[in-house]
2 protein chains.
Amino acid sequence: MTPLSTTPPTLADVAELAGVSRQTVSNAVNNPDLLRSDTLARVQDAIEALGYSPNRAARNLRTRASHLIGMRIGPAQEGTANATMDRFVHSLVETSREAGYHVLLFAGSGEDPLAGYDDLLRSTAVDAFVVTDTYLGNPQAVWLEQRRAPFVAFGRPWDHPDARHPWVDVDGAAGTDLATTHLLDRGHQRIAWIGWRKDSRIGEDRRAGWSRALHARGLPTTGLASRVEDTVASGREASAVLLDEAQPTAFVCASDTLAMGVLHTFRDRGITAGREMSVVGFDDSQVAQVVPFGLTSVRQPLEDVAVEIVKALEGLLAHPPTIATSALLVPTLALRGSS
Amino acid sequence: MTPLSTTPPTLADVAELAGVSRQTVSNAVNNPDLLRSDTLARVQDAIEALGYSPNRAARNLRTRASHLIGMRIGPAQEGTANATMDRFVHSLVETSREAGYHVLLFAGSGEDPLAGYDDLLRSTAVDAFVVTDTYLGNPQAVWLEQRRAPFVAFGRPWDHPDARHPWVDVDGAAGTDLATTHLLDRGHQRIAWIGWRKDSRIGEDRRAGWSRALHARGLPTTGLASRVEDTVASGREASAVLLDEAQPTAFVCASDTLAMGVLHTFRDRGITAGREMSVVGFDDSQVAQVVPFGLTSVRQPLEDVAVEIVKALEGLLAHPPTIATSALLVPTLALRGSS
DNA sequence: GGGATCGTCTTGATCGATCCAATGAGACCA
DNA sequence: TGGTCTCATTGGATCGATCAAGACGATCCC
């Protein structure tokens, strides 16, 4: 049916078969309304017969658009439970497809994180970027803005409140508030926090949700918080110390990785996670899902994030570009046995 | 330094600045040896000064190559510990970059898994594919072969031994053999197997390694094997039954998901995983890494897989194409507390 | 009836690179 | 001196699509 390994048919081939000009075929593909219905049908038949599909390179050259979205992918983090990227990438790919875009992955070339962006930008290989790691105060966003490169960030511009690019983010505080309130509703009074070091904006955001929820019920937070690195070992140590010094009956953690550390401590001490002694994680990683009895965890609506990001991208790339819209989405709580 | 939002410089711009012809600039980029060293330097200065980078679309159109590798990405599997893709994708992106390729992701559009391939192929959007799900006896490989589309498979062509395309795979049997032998060396005699249903070629391959290792020491396998679905619940049930009926002291599992099910049963019965009662999983997922005390697991050398795949791709896309080479790589064992 | 308007389709130029064949300058040898 | 050969460089055509403008007939309205 479809020809094997011959040169693919071109516009001209279709035009000849249908007995029309090249431009008419082009219109049949891009502006069908411009054609009389009978010629449209004739051209479509020819397209079908030849199995024609417009050559991407030629189209890209002429229209100055590639319909590709670039996204940098960092090294997989081993030893942690960070499963965000996997789910997000898939959602983004799926949503982009519906909008007529494909996703181009590129690696951060170690020392110079901008090199990849610069290269793709100058060679006009992609139409826009999705930037996922805005939290480190990293230069990508600022640099891309200066170059007037279209991009949407997954993550708020914490350090640049006057940034003008569109962004989409998940309300971490709302997530931990949800988690903490859930524990309060279950009767807990002393709920501890294990989060990241103070220089992490995301970490502080999530911590704020925890303290907000406690204060809303008139409960104190003093002595119940700990800030450590994002490793299982740190979570284990921190929870051990908190148990000894503050006697909490529940833990809210900034990540599933830290929550696994808490479960580790529980195991050390013969405690079973559940209604009495609870733990809640953040990210709803695979780990949370498969660990015995399950780890209750805050789940980011990554599918929705992808939808919003693509929406913003479409706006940026429209002619004329529409005003940048940003969105802050609310996570949900995946309830499991650990709470 | 770099111009803001103006049209990027073209070959002609560089040529004018350097006082040479367009073709000379093209040669400076693609065949520097053809130029006299002083003109080369002059052209390179001009390139540097203008921040020139060849327009991808134009180059693609002329050379009939996109330097893009397409890869289909399936939906993230929730509720399992399958972390293979994440690690592999990153390795592939990184390795491809070194070979001058970028990775284009596309989604499997539900009902028709071939649609995505067909589309990209006909529009000459990608040079080749990496096909990752060859195990289901799925039609991709056969179909791509018929269309003479260049592709490399991650996974053996189980059902088509006469397939002529290059492939790279990990020797599952070698992995489970490694795991089983490790347990034997630790003194275990009765080692159970929990794997997938019989129609899974990969599952049978991994099972073969387990039975091979036991038979090599003259130990029986009868009554020690179970074949179930790849879920935590199935692993939990299967291990419970095996413990009652066959009294094994160790379990080798076809996946970390199943191994988590075993840990679940251990927990149910107050058993602590370790030297006495051991479990080994497969895939070295994040779950295996962060679960308390750690889950010993067979680790696929995905970085090496990516290298081999890219090597094969370069062969396919070379002029003239070199003969397809396939590779079967050996996994390693990540030792942790569960064994 | 003539000019403006609309709907439909066509022609030639163009995007920015590379391919191909050809040119000029110089080296070398007879 | 003239011919051949190599090296370095050039000009024109080309990849396959879209853009911009124009051609043509039919319709409409004063």
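So that the names make sense, note that chain A is the first sequence line, chain B the second, and so on, each numbered from 1. In this text the structure is predicted, and so the values were computed from the model without any measurement.
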Rounding to an integer number of Å, can you tell me how far [X] [atom1] sits from [N] [atom2]?
X: B/R56; N: D/dG16; atom1: CZ; atom2: C1'; answer: 19 Å
X: A/I47; N: D/dA17; atom1: CD1; atom2: P; answer: 10 Å
X: A/R122; N: C/dA17; atom1: CZ; atom2: C1'; answer: 17 Å
X: A/L34; N: C/dT10; atom1: CG; atom2: P; answer: 13 Å
X: A/H67; N: D/dA17; atom1: NE2; atom2: P; answer: 15 Å
X: A/L35; N: C/dC6; atom1: CG; atom2: P; answer: 19 Å
X: B/R64; N: D/dT14; atom1: CZ; atom2: P; answer: 13 Å
X: B/D13; N: C/dC15; atom1: CG; atom2: C1'; answer: 13 Å

(request) Check the angle between the aromatic planes of B/F154 and B/F88 and answer parallel, tilted or perpendicular using the 30° and 60° thresholds. (result) tilted

Select one nucleotide: of [options], the one nearest the side-chain heavy atoms of [X].
X: B/T10; options: D/dG11, C/dA17, D/dA17; value: C/dA17
X: B/R36; options: D/dA17, C/dC15, D/dA8; value: D/dA8
X: A/L61; options: D/dG16, D/dT14, C/dC9; value: D/dG16

(request) Indicate, yes or no, whether a donor-acceptor pair under 3.5 Å links the base of C/dT14 to the side chain of A/R62. (result) yes

(request) Assess whether one donor atom and one acceptor atom, taken from the side chain of A/R22 and the base of C/dG12, lie less than 3.5 Å apart. (result) yes

(message) Need to verify one output field. Residue with the more 5' nearest nucleotide on DNA chain D, B/L40 or B/A58?
(response) B/L40

(message) Could you walk me through whether A/V152 and A/E308 satisfy the side chain to side chain contact (heavy atoms under 4.5 Å, CB included) test, starting with their C-alpha distance in whole Å, then the side-chain angles of each, then the deciding distance to 0.1 Å, before giving a yes or no?
(response) CA-CA 10 Å; A/V152 178; A/E308 291 298 326; over 6 Å; no

(message) Tell me whether the count of non-hydrogen atoms from other residues, nucleotides or ligands lying under 6.0 Å of CD in B/E314 goes above 12.
(response) yes

(request) Please determine if a side-chain N or O atom of B/T39 lies less than 4.0 Å away from the OP1 or OP2 oxygen of D/dT9. (result) yes

(message) Tell me whether the side-chain N/O atoms of A/S26 come closer than 4.0 Å to OP1 or OP2 in D/dT18.
(response) yes

(request) Return yes if some donor-acceptor pair links the side-chain N/O of A/N55 with the main-chain N/O of A/A58 below 3.5 Å, else return no. (result) yes

(request) Kindly say whether B/I69 contributes a backbone atom to a donor-acceptor pair with the side chain of B/D127 at under 3.5 angstrom? (result) no

(message) Considering every strand and a 4.0 Å limit on heavy-atom distances, what is the contact class for B/T24: base, sugar-phosphate, or nothing?
(response) base

(request) Using a 4.0 Å heavy-atom cut-off across all strands, classify B/N30 as base, sugar-phosphate, or nothing. (result) sugar-phosphate

(message) Return whichever of B/Q23 or B/A57 has its heavy-atom-nearest nucleotide of DNA chain C closer to the 5' end.
(response) B/A57

